2 protein chains.
Amino acid sequence: MPLPSRVTDLTSFDLLLSVAELGSIGRAAKAHGISQPAASARLRQLERQVGVPLLERATRGARLTTAGELVAGWAQPVVERAADLEAGIAALRADRHTHLRIAASLTVAEYLLPRWLIALRAADPDTVTALSSGNSHEVAEQVLAGDVDLGFVEGPELPPGLRAADVATDELVLVVAPGHRWASRRRRPRAAELAGTPLVSREPGSGTRQAWEWALLACGETELAAPLLEVSSTTAIKAAAIGGIAPAVLSAHAVVPELDAGTLVRVPVPDLDLRRRLRAVWPSGQTLRGPAADLLTIALRSRTEG
Amino acid sequence: MPLPSRVTDLTSFDLLLSVAELGSIGRAAKAHGISQPAASARLRQLERQVGVPLLERATRGARLTTAGELVAGWAQPVVERAADLEAGIAALRADRHTHLRIAASLTVAEYLLPRWLIALRAADPDTVTALSSGNSHEVAEQVLAGDVDLGFVEGPELPPGLRAADVATDELVLVVAPGHRWASRRRRPRAAELAGTPLVSREPGSGTRQAWEWALLACGETELAAPLLEVSSTTAIKAAAIGGIAPAVLSAHAVVPELDAGTLVRVPVPDLDLRRRLRAVWPSGQTLRGPAADLLTIALRSRTEG
DNA sequence: TGGATGCATAGGCTACGGTTATGCCTTTGC
DNA sequence: GCAAAGGCATAACCGTAGCCTATGCATCCA
């Protein structure tokens, strides 16, 4: 189900937020680098699309109406997450000549790194960061080879020659469609049944898949059923699980919205320990300095907060 | 600071998510109601803007690259919040001939209602909901007058003739710019100092402002300083507080991102009880049924989860 | 080997969003 | 009381971004 066109263009909503902050359409226009008539037209069109007046235009400026306040409140989280997206893209795009090179496993890169990068930009405004992503093994390799200044890995393995610091913990969760038999409280599976059930999962190299298999092995389950379906993206896995194809195992971060909405149900598996540490790593001999040290500090600070 | 143009158009990112879910550009195009060449062009342009390939095009379909997986992961929260925004706008826009009419105070409408409406649409797909927003007193009036089927209010007051059920608790927080003296742990203000300090605040009718004043009165502070600045929107209040104009009092929900980013600092005020109940209200004589009953159920369920 | 599937390219059209120029209204200050 | 300034709306013009249809090309499969 695609997003309705009413909300696909964030420019107008961003402009509305600027009007709320600055108190006039003209100042908001200037802040966005467009002319006042252009801003006025955009806001008028936004009001037409919403169907109710959002601004009270006065001779001294413009103020939000009650409806405008509501729309601004709903729009703000959208632009905040868009800022996260932008920070991530900027790091992906950053060409070779950057001040800080980092590598991160998928989980860290997806759910934690954008916020850290925004905080880093506040601390070191001129720092350009380049991000490369891969599985934990690849990240460790890049740190050891000196290709990056700082790495973020998941899982227990840690090659010699690296120092590490915990920055977060991640938890895998088993999810099924609401109609699945495991969704019922009395039908919860034990380790043996889990091992014997084909799942929808990532390709073999995936850290998530490895962690799942190791957790089962730790329970003494040596015979693991082959996956029913192997797909490349988290989105596709969720779609397959929602469609009732098979149960799936994903990072808890990834399924928050689906659990909220009830389109997926979490199945507790007390037999298995599915938690894993997310750690920053850097070469043993080396003391971090400059932006790399700042980023590590930011990551450690966010740990104590969360 | 306006949003970079790279992320202002969500259409391409939404399309990318559909490709991840459906496995081919053509199917994603069909899901979005556009032609396959149009989708192909959009994705190609997206890749140009990001600067790295996002898709592996094969003869059998298209799969996400590692970078594509990252971008999709960052984009997903954006489109989710955009869906909340859309749900809110749809309720604002809904004309008179609707099945369910609700009224909500600003805090509930801003932070809780969109999710509930999305869940309601899943339960009753054909229900059209109309939302009106006002302060708690106005909401209660509308419920009593029969103008709406269900209301959501904040604060302790409750007119006779209404039944109520708790759906959430809200907490007000006192925030200052990082440089403010109250930001220091040893300089925390007592009730008397709080009462004597001009704040930046909403206009007098606001429920947030009333709750703050009542909390001070409950401490025996009868002499309250007049606000330094009265502005109309939450956004403007935050901007003023960030700018160091004066401390501000806002719903905890409203300042989560600023506290995360460190642009605002929360000042604990143990002297004051700033919590308040958020409640659903409906006419005493009446048993809720249909969509109104479903919405109440959804709201109560979300309470137990959160 | 022929058909089906799926992505890319080409050409043409529409419409949207931007700019500058200008007008009108209200508040402010001498 | 009048001039100046601040702020929003309207008008006329223009460039381009994005969509569609038609078509081509590569790969997989029967």
Side-chain angles (χ1 to χ4, degrees), chain A residues 2-50 52-65 68 230-233 236, chain B residues 2-50 52-65 67-68 72 230-233 236:
Chain A
L3 221 44
S5 70
R6 218 162 22 193
V7 295
T8 48
D9 182 17
L10 299 188
T11 315
S12 306
F13 294 102
D14 198 20
L15 194 60
L16 182 69
L17 290 173
S18 290
V19 174
E21 184 179 335
L22 300 173
S24 100
I25 296 178
R27 274 194 289 275
K30 186 173 293 181
H32 283 247
I34 62 175
S35 68
Q36 172 265 319
S40 188
R42 280 205 95 105
L43 290 166
R44 194 161 291 280
Q45 175 199 330
L46 182 63
E47 287 180 306
R48 269 212 337 272
Q49 284 173 344
V50 174
V52 295
L54 304 175
L55 293 174
E56 267 179 37
R57 286 134 175 106
T59 170
R60 207 73 201 115
R63 307 165 72 84
L64 295 189
T65 63
E230 285 186 7
V231 287
S232 70
S233 81
Chain B
L3 223 43
S5 69
R6 215 157 30 186
V7 295
T8 48
D9 181 18
L10 299 188
T11 315
S12 305
F13 295 102
D14 198 20
L15 194 59
L16 182 70
L17 289 173
S18 289
V19 174
E21 182 179 336
L22 301 173
S24 101
I25 296 179
R27 274 193 289 277
K30 186 172 292 182
H32 284 247
I34 62 176
S35 69
Q36 171 267 318
S40 187
R42 282 207 92 106
L43 291 166
R44 193 161 291 279
Q45 175 199 329
L46 182 64
E47 286 179 308
R48 269 214 338 272
Q49 285 172 345
V50 174
V52 296
L54 304 176
L55 293 174
E56 266 179 39
R57 288 135 174 101
T59 169
R60 206 75 200 114
R63 306 164 74 85
L64 294 190
T65 63
E230 285 186 5
V231 287
S232 69
S233 81

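Chain letters run A, B, ... following the sequence lines, proteins first and then strands; every chain starts at 1. All values derive from a computational prediction rather than experimental measurement. When reading the values below, keep in mind they use all heavy atoms of this one structure, side chains included, and skip hydrogens, waters and symmetry mates.
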Report task. Could you go through the side-chain contact (heavy atoms from CB on, under 4.5 Å) check for B/T8 and A/D14 one step at a time? Result -> CA-CA 9 Å; B/T8 48; A/D14 198 20; 5.6 Å; no
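Atom C1' of nucleotide D/dC8 and atom CZ of A/R63 are separated by 16 Å, given to the nearest angstrom. Residue A/L15 contributes atom CG, which lies 9 Å from atom P of C/dG18 at whole-angstrom precision. The CZ atom of A/R42 sits 12 Å away from the P atom of C/dC16 (whole-angstrom rounding). Distance, A/I25 CD1 to D/dG7 P: 11 Å, rounded to whole Å. When the C1' atom of D/dT21 is taken as reference, atom CD1 of B/I34 falls 15 Å away, rounded to whole Å. Look at CG on A/D9: it is 11 Å from P on D/dG18, rounded to the nearest Å. Remark: P of D/dC20 and NZ of B/K30 are 13 Å apart, rounded to the nearest angstrom.
Exactly one residue among A/V50, A/T11, A/L43 makes a side-chain contact (heavy atoms from CB on, under 4.5 Å) with A/L16. That residue is A/L43.
Checking the phosphate oxygens (OP1, OP2) of C/dA8, a side-chain nitrogen or oxygen of B/R57 falls inside 4.0 Å. Using a 4.0 Å cut-off, some side-chain N or O of A/R27 falls inside it from OP1 or OP2 of D/dG7. Distances shown here put a side-chain N or O of B/R44 below 4.0 Å from the OP1 or OP2 atom of C/dA8. The shortest distance between the side-chain N/O atoms of A/S35 and the OP1/OP2 oxygens of C/dT19 is below 4.0 Å. Within the 4.0 Å cut-off from OP1 or OP2 of D/dC8, not a single side-chain nitrogen or oxygen of A/S40 is found.
Considering CD1 of B/I25 and CZ of B/R57, their distance stands at 5.0 Å, rounded to 0.5 Å.
Residue A/A38 is in base contact, counting any heavy-atom pair closer than 4.0 Å across all strands shown. In this structure, A/A62 reaches the sugar-phosphate backbone alone: every heavy-atom distance under 4.0 Å involves primed, P, OP1 or OP2 atoms, never a base.
In the interface, the side chain of B/Q45 is not paired with the base of D/dA17 through any donor and acceptor atom under 3.5 Å apart.
Remark: the backbone N or O of A/P37 is not paired with any side-chain donor or acceptor of A/S40 at under 3.5 angstrom.
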